[in-house]
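Comments concern the structure below.
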Amino acid sequence: MRYLKKQAESSLSYSDPSLKDRIRFRNGIYESVNVSDSEALNLIRYLGWNHESLVRDRTAHLERLRFIREQCSTDSDFAELIRNDPYNLSFITAIEVEFGNLIPN
């Protein structure tokens, strides 16, 4: 029982404030900032963030948003359009990486 408690205390949670410092989104996938951070790697695997179908859906969503951005006359028009439809904010971390500060929190 002591082992299980210690293991639970040391595992990384998706709500952990250090998550953004330990896991990054780059080149379409999530990766651990530190390759030896087994907790971060385990969380990525456990949540399936790099599962083939999810990567495919995320990539298609970003392509759709790129197309929408090209159709908008200004960045502020694009940002407003994206914010007004909750579906557009799917994969928010990928959107933040792709479009930077265009989509305020």
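The figures here come from the full heavy-atom set of this structure, side chains too, leaving out hydrogens, waters and symmetry mates.
Scored by the side chain to side chain donor-acceptor pair (under 3.5 Å) test, Ser13 finds Ser15 as partners (sequence neighbours excluded). Arg64 is linked by a side-chain contact (heavy atoms from CB on, under 4.5 Å) to His61, Ile68, Tyr87, Asn88, counting only residues two or more places apart in sequence or in another chain. Taking the side-chain contact (heavy atoms from CB on, under 4.5 Å) definition, one finds that Asp75 meets it with Arg69, Leu102, sequence neighbours left out. Under the rule for a side-chain contact (heavy atoms from CB on, under 4.5 Å), Asp21 has no partner lying at least two apart in sequence or in another chain. Remark: Glu31 engages Arg24, Arg26 in a side chain to side chain donor-acceptor pair (under 3.5 Å) (not counting sequence neighbours).
No single ILVMFWY cluster, assembled from side-chain heavy atoms under 4.5 Å apart, contains both Ile95 and Val55. Put simply, Leu19 and Tyr46 are part of the same group of oily side chains (I, L, V, M, F, W, Y) that touch within less than 4.5 Å, one to the next. With hydrophobic clusters built from ILVMFWY side chains whose heavy atoms lie under 4.5 angstrom apart, Val97 shares a cluster with Leu47. By the rule that hydrophobic residues join a cluster once side-chain heavy atoms approach within less than 4.5 Å of another member, Leu62 and Phe78 end up as members of one cluster.
Looking at Ile23 and Asp37, their side chains never come closer than 4.5 Å, going by heavy atoms from C-beta outward. Taking 4.5 Å as the limit, some side-chain heavy atom of Gln71 sits within range of a side-chain heavy atom of Phe67. Side-chain atoms of Asn42 and Arg45, non-hydrogen and from C-beta on, do get closer than 4.5 Å to each other. Two residues are said to be in side-chain contact when any heavy atoms from C-beta on lie closer than 4.5 Å; Leu89 and Ile92 meet this criterion. Side-chain atoms of Arg58 and Asn50, non-hydrogen and from C-beta on, do get closer than 4.5 Å to each other. Arg22 places a side-chain heavy atom less than 4.5 Å from the side chain of Leu12. In this structure, the side chains of Phe91 and Leu54 come closer than 4.5 Å at one or more pairs of heavy atoms.
Between the CD atom in Glu80 and the OG1 atom in Thr74 there is a gap of 8.5 Å [rounded to 0.5 Å].
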**Request:** Verify side chain to side chain contact (heavy atoms under 4.5 Å, CB included) between Leu41 and Val35, making sure each step is shown before the conclusion.
**Result:** CA-CA 8 Å; Leu41 293 167; Val35 294; 5.9 Å; no
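Asn34 and Ser36 share a donor-acceptor pair across their side chains, judged by distance under 3.5 Å alone.
Ion pairing of Arg56 with Glu52 is present here, as a side-chain N (NZ or NE/NH1/NH2) and a carboxylate O approach within less than 4.0 Å.
Looking at every heavy atom in both residues, Ile44 comes nearest to Ser32 through CD1-N, 3.8 Å. Looking at every heavy atom in both residues, Ser73 comes nearest to Asp77 through OG-OD2, 2.8 Å.
The ring pair (Phe, Tyr, Trp, His ring centres under 6.0 Å) pairs that include a residue from residues 15-44 are Phe25-Tyr30, Tyr30-Trp49, where partners are two or more places apart or lie in different chains.
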